[in-house]
Amino acid sequence: MVKRRLHAAGYVNTGSSMLGSPSAPALHARLAPADVLVDERRALYRLAVDLFAPGAEMSDNLLDHPIVRYEIGRALAGHGGVDPEALREVAATGVRDAGIAVASDPAAAKQLEAPLRIIAPPGQAPRPLTEADGERFETAIRIVAEGVDLFRRLAPAMAGDLLAHVSMLVVLKAETSGGVVSASSRYVPGIVLIDEPACPMEVAEALVHEGAHEKFFDFAITQKFLDAHAEEAEYFETSWSRARWPLEQTFAAWHAYTCLSQFSQLSESEQLGPHSLLPKARERAAEIGDWLMAHEHDLLSDARWLLHALAGQVADAVEGVPTADASVLAAGVREDGSFRVLPDVVYRLAKSGRAVVGRVQELPEIFWLDPDASWVLKECHRAPAPFRLLLGNAAEKWRTDLPETRRRLAAALGSLRVFSIVEASE
């Protein structure tokens, strides 16, 4: 969970590892443009529905709803199943368009119980501002709309990049928020909660901060960012509050502070809110980034790449499977054999060409394939596919010479066999 509350500052950094970093939106797009990333996220949730409710189809709007995603996430974690009709009822929350969907339903406190409970400070019960609050809600909606417009005007590229991952905004009544300035949670992804705003700049900053977290949540479930080892990694301790964060929260905080630092350079003429983190963003991004650099062995390849790229150390991402690894994977792949997909395998193909794969079992296994393995999976899913037929089709698809096509195909088949997705058939 990632949430922001009021705290004291006391850190002054003289390092420069994160200063003058390249554009966050441009580097995000190098990993996956926003529309591609959102589509891959939807593919993952569709796969989850396939595993629990085969044959049920759900619209993009439904799959983007934070409570629907929360319920699907609970099912994947072994806490119940998926009832498509119940999810459609859950997603019936009334919203108001303010350049972003704002929860407006008088029943929002009940409908959004999960995120409100998760972000609540001890002893507090945050309550959403809704249409039932009359002019007070209308005032908040006007400020939110002005804040969204301000964000888009000051930083159009960043706004397009981050807001693509925010599905709903909830305004909390100031007397109930318990000091939560803004909040988001990986358990209920897509929803941003903010304290009742006094000015548009507070809204714009909150959308940068929490939008960066929402972007990270989507990266984390679709790209090579963190694995199970992250839960055992060393904790980071902040100098300004002495809070201790696990690796996932540390990376999310660094990413948010880096985006805030870049936004602060685009909004220098604006009057900041009393609890703004923009003046502190650069030094905190530097502090956290230096620590992450020293612990990058705990990160997966895409997270390491983004860490270095936002520090100005841009390098081309490595595509495909290294030759040495390909040789290992290809061992045992017979060119006179045929290959078929195992019957318990379910997959969804994203527009990017990558497939997300699951296996029907009590606690589903879900993982992503690279484009080569995804294409081979699709070819083998139709019927048992002879290696020689796959080789000819792959050469046409990939437009590579025969030795390179054979290497890539054997590596892809080898990886699919290692994960028990395909098997050789007679």
I'd like to know if the side chain of [X] and the backbone of [Y] have a donor-acceptor N/O pair within less than 3.5 Å.
X: R46; Y: L63; value: no
X: T176; Y: K173; value: yes
X: D133; Y: T130; value: yes
X: H295; Y: W291; value: yes

Listed by chain and number, what are the side chain to side chain donor-acceptor pair (under 3.5 Å) partners of [X], not counting sequence neighbours?
X: E404; result: R407
X: D218; result: R41, R69, H165
X: R117; result: Y70, E113

- Report the residues that fulfil salt bridge (charged side-chain N to carboxylate O under 4.0 Å, His left out) with R74, sequence neighbours left out, ordered by chain and then residue number.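 Checked R74 against salt bridge (charged side-chain N to carboxylate O under 4.0 Å, His left out); matches are E71.
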
- Could you tell me which residues satisfy salt bridge (charged side-chain N to carboxylate O under 4.0 Å, His left out) with E234, sequence neighbours excluded, listed by chain and number?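 Testing E234 for salt bridge (charged side-chain N to carboxylate O under 4.0 Å, His left out), a comparison that skips the adjacent residues, returns none.
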
- Message: By the definition side-chain contact (heavy atoms from CB on, under 4.5 Å), identify the one residue from L193, L112, V180, I119 that meets it with P126.
- Response: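 The side-chain contact (heavy atoms from CB on, under 4.5 Å) with P126 is passed solely by I119 among L193, L112, V180, I119.
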
- Identify which one of V192, V181, I194, L277 satisfies the side-chain contact (heavy atoms from CB on, under 4.5 Å) criterion when paired with H209.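 Result: among V192, V181, I194, L277, L277 is the only option passing the side-chain contact (heavy atoms from CB on, under 4.5 Å) with H209.
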
- Message: The test is side-chain contact (heavy atoms from CB on, under 4.5 Å); show your working for V346 and V357 and say whether it passes.
- Response: CA-CA 6 Å; V346 180; V357 180; over 6 Å; no

Close side-chain approach of [X] and [Y], heavy atoms under 4.5 Å:
X: R88; Y: P84; value: yes
X: E248; Y: E231; value: no
X: D195; Y: S182; value: no
X: S276; Y: E202; value: no
X: I100; Y: L207; value: yes

Side chains of [X] and [Y]: do they bring a donor and an acceptor to under 3.5 Å?
X: E287; Y: S239; answer: yes
X: H308; Y: E296; answer: yes
X: S301; Y: R304; answer: no
X: T238; Y: S241; answer: yes

- Would you please test W368 and L44 for side-chain contact (heavy atoms from CB on, under 4.5 Å) and show each step? CA-CA 9 Å; W368 284 93; L44 187 153; 3.8 Å; yes

Below 4.0 angstrom, N of the basic side chain to O of the carboxylate: do [X] and [Y] qualify?
X: R382; Y: E379; answer: yes
X: E214; Y: R186; answer: no
X: R96; Y: E131; answer: yes
X: R42; Y: D64; answer: yes

Show me the donor-acceptor pairs within less than 3.5 Å that the side chains of residues 147-163 make with the rest of the protein, sequence neighbours left out.
residue	atom	partner	partner atom	Å
D161	OD1	K215	NZ	2.5
D161	OD2	H28	ND1	2.6

- Are Y257 and W254 close enough that their ring centres sit under 6.0 Å apart?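 So the answer is no for these two rings.
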
- Hey, can you tell me if W240 and W245 have their rings parallel, tilted or perpendicular (30° and 60° cut-offs)?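 Rings of W240 and W245: perpendicular, as their planes differ by over 60°.
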
- Message: Is the ring pair Y347/H381 parallel, tilted or perpendicular, if the boundaries are 30 and 60 degrees?
- Response: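 Plane angle over 60°, so perpendicular.
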
- Task: Begin from the C-alpha positions of I72 and V49 and carry the test side-chain contact (heavy atoms from CB on, under 4.5 Å) through to its verdict.
- Result: CA-CA 8 Å; I72 292 175; V49 174; 3.9 Å; yes

- Item | Heavy atoms from other residues, nucleotides or ligands near CZ of F52 exceed 12 (cutoff 6.0 Å) |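 Yes - once you tally the heavy atoms of other residues, nucleotides and ligands closer than 6.0 Å, there are more than 12.
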
- Taking all heavy atoms of Y187 and all of I118, pick out the closest pair and write down the distance.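 The answer is CB-CD1, 4.0 Å.
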
- Query: Where do P189 and Y45 come nearest, in terms of heavy atoms and distance?
  - Reply: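 Minimum heavy-atom separation between P189 and Y45: CG-OH, 3.7 Å.
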
- Kindly indicate, with the supporting measurements, whether the criterion side chain to side chain donor-acceptor pair (under 3.5 Å) is fulfilled by R136 and T139. CA-CA 5 Å; R136 184 179 176 186; T139 298; over 6 Å; no

